[in-house]
Asker: 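I have a structure here, written as structure tokens, and I will follow up with some questions on it.
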Amino acid sequence: MDFLRGLYIIPWSKNYISITLDVLIVSYIIYKTYTTLRRTRGLQLLLGVGLIWISGSLAEYFNFELLEWILTNIRPALVFAIIVLLQPELRRLTGDFAKLKFLRLFFLKPVFDLDPIIDAVRAMASAKIGSLIVLVKDISLKDISENSVPLDSIVSSELLQTIFFKNSPLHDGAVIIEQNRIVSAASYLPMSSNMENTTMGARHRSALGLSEETDAIVIVTSEETGEITVCFAGEMFHPVKPLELKPLINQLMSGGQKKVNLDLDKKVKKEK
């Protein structure tokens with residue numbers, strides 16, 4: 001209420017440039033927050049918090065003393081509740097801000113030799129071996145790799161296939177590849193909280209979940225069907241044919257996920 005009253009006393013004739021920039025920045029933050037949380041439980045929680053906040057203002061306006069006292073004591077705790085309950089959504093939101101183009105100037109350019117990775121994925125898809133491979137771009141996954149099995153080895157098709165072999169102790173979880181090195185194996189990724197994707201298997205939900213929170217490219221092979229799936233920027237490309245895989249990865253590496261244009265006479269389907 002005080003904020004709305006304050007709008008009438010803002011000196012709009014002065015510093016109109018800073019006022020306009022202020023409004024634009026706040027509008028962008030609200031927009032990014034909404035687009036990040038709109039398909040998660042976080043939006044429902046924020047709506048509930050907003051309802052409590054508005055109810056407190058109305059109780060104060062209509063002089064409902066008992067209701068005002070209850071809500072006044074509840075509202076300070078809501079900030080801590082949001083921080084605790086919305087940790088996955090907050091990580092995703094900060095990850096979205098880190099994807100801004102001007103911030104990429106501060107990151108090392110990712111370097112990958114895709115041939116051994118593509119060969120391994122094709123071989124595992126043909127043999128119906130389940131795998132989960134993460135290609136790190138600008139956003140570091142150090143917090144995940146530190147809680148995994150460290151490898152720090154050269155990327156090779158044989159090593160990747162050995163890791164995901166059915167009887168291997170490292171076949172569960174993901175392999176994280178950064179700057180052309182296998183950083184870790186048996187890495188467990190955050191699963192997607194998108195309510196439309198609850199019927200997916202664990203590998204595919206993990207791949208989609210990581211792609212929602214970071215700019216990593218995640219490649220999945222299914223042990224049931226042998227199909228290849230690629231997740232990037234919260235989008236899922238499925239099924240990807242073996243010959244389409246390398247052109248698709250190259251295009252996603254260059255940031256072209258919005259318009260996938262392969263030179264083959266085959267089409268990659270996008271599942272939303």
Asker: Is I54 reachable from I74 through a run of I, L, V, M, F, W or Y residues, each pair having side-chain heavy atoms under 4.5 Å apart?
Answerer: yes
Asker: Is it the case that the side chain of E244 and the backbone of K241 share a donor-acceptor pair, with hydrogens and angles ignored and the cut-off at 3.5 Å?
Answerer: yes
Asker: Kindly say whether W69 contributes a backbone atom to a donor-acceptor pair with the side chain of N73 at under 3.5 angstrom?
Answerer: yes
Asker: Using the ring of each side chain (for Trp, its six-membered ring), is F64 parallel, tilted or perpendicular to F62, with breaks at 30° and 60°?
Answerer: parallel
Asker: Is I118 reachable from L160 through a run of hydrophobic residues whose side-chain heavy atoms are each under 4.5 Å from the next?
Answerer: yes
Asker: Walk me through it: do L245 and V230 pass the test side-chain contact (heavy atoms from CB on, under 4.5 Å)?
Answerer: CA-CA 8 Å; L245 184 58; V230 176; 3.7 Å; yes
Asker: Counting distance only, does the side-chain N/O of S145 pair as donor-acceptor with the main-chain N or O of K142 below 3.5 Å?
Answerer: yes
Asker: Sequence neighbours left out, what passes side-chain hydrogen bond (donor to acceptor under 3.5 Å, both in side chains) with D22? Give chain and number order.
Answerer: none
Asker: With heavy-atom distances below 4.5 Å as the criterion, would you say the side chains of K128 and E224 are in contact?
Answerer: no
Asker: Working to the nearest 0.5 angstrom, can you tell me the gap between I217 CD1 and I117 CD1?
Answerer: 9.5 Å
Asker: Going by heavy atoms in the side chains, are I177 and V136 under 4.5 Å from each other?
Answerer: no
Asker: Quick one: closest heavy-atom pair of H204 and S222, and the distance?
Answerer: CE1-CB, 4.3 Å
Asker: Look only at the side chain of T221 and the backbone of S131, and say whether a donor-acceptor pair between them is shorter than 3.5 Å.
Answerer: yes
Asker: Quick check: do L189 and L132 have side-chain heavy atoms less than 4.5 Å from each other?
Answerer: yes
Asker: Would you name the heavy atoms of L208 and C231 that are closest together and state the gap between them?
Answerer: N-SG, 3.9 Å
Asker: For the atom pair OG (S55) and CD1 (I70), what is the distance rounded to the nearest 0.5 Å?
Answerer: 11.5 Å
Asker: Under 4.5 Å between side-chain heavy atoms, hopping through other hydrophobics if needed: is there a path connecting L114 to I182?
Answerer: yes
Asker: Using side-chain contact (heavy atoms from CB on, under 4.5 Å), reason through Y188 and D172 one step at a time and then give a plain yes or no.
Answerer: CA-CA 8 Å; Y188 291 95; D172 283 333; 3.7 Å; yes
Asker: Looking at every heavy atom in both I249 and L135, which two are closest together, and how far apart are they?
Answerer: CG2-CD1, 4.1 Å
Asker: Quick one: pull up CD1 in I228 and CE in M124 and give me the separation to the nearest 0.5 Å.
Answerer: 9.0 Å
Asker: Give me the atom names and distance for the closest heavy-atom approach of R203 to V220.
Answerer: CB-CG1, 4.0 Å
Asker: Are side-chain N/O atoms of S192 and E212 paired as donor and acceptor at under 3.5 Å?
Answerer: yes
Asker: Counting C-beta onward and ignoring hydrogens, is there a side-chain heavy-atom pair between F237 and L252 closer than 4.5 Å?
Answerer: yes
Asker: Let me see the working for Q161 and S157 under side-chain hydrogen bond (donor to acceptor under 3.5 Å, both in side chains), right down to the final yes or no.
Answerer: CA-CA 6 Å; Q161 293 181 62; S157 175; 2.9 Å; yes
Asker: Please round to the nearest 0.5 Å and tell me the distance separating atom NZ of K137 and atom CE of M253.
Answerer: 6.5 Å
Asker: Donor-acceptor check, side chain of H171 to backbone of S168, threshold 3.5 angstrom: yes or no?
Answerer: yes
Asker: Could you give the distance from CD (E60) to CD (E68), rounded to the nearest 0.5 Å?
Answerer: 5.0 Å
Asker: What about L71 and L58, same hydrophobic cluster or not, with Ile/Leu/Val/Met/Phe/Trp/Tyr joined at side-chain heavy-atom distances under 4.5 Å?
Answerer: yes
Asker: Among the clusters formed by ILVMFWY side chains lying less than 4.5 Å apart, do Y61 and I52 turn up in the same one?
Answerer: yes
Asker: With a 3.5 Å distance limit and no angle check, can you tell me whether R205 reaches the backbone of M191 through a side-chain donor-acceptor pair?
Answerer: no
Asker: Atom CZ in F232, atom CD in Q251: separation rounded to 0.5 Å?
Answerer: 10.5 Å
Asker: Checking T214 side chain against L210 main chain: does a donor-acceptor pair fall under 3.5 Å?
Answerer: yes
Asker: How far apart are the closest heavy atoms of F164 and I133, and which atoms are they?
Answerer: CE1-CG1, 3.9 Å
Asker: Only distances under 3.5 Å count here; give the side-chain donor-acceptor pairs of residues 148-156 to other protein atoms, sequence neighbours excluded, each with its distance to 0.1 Å.
Answerer:
unit_1 : atom_1 : unit_2 : atom_2 : d
S148   : OG     : I144   : O      : 2.8
S148   : OG     : S187   : OG     : 2.8
D152   : OD1    : R181   : NE     : 3.3
D152   : OD1    : R181   : NH2    : 3.4
S156   : OG     : L159   : N      : 3.1

Asker: Taking the side chain as everything from C-beta on, heavy atoms only, tell me whether T229 gets closer than 4.5 Å to I219.
Answerer: no
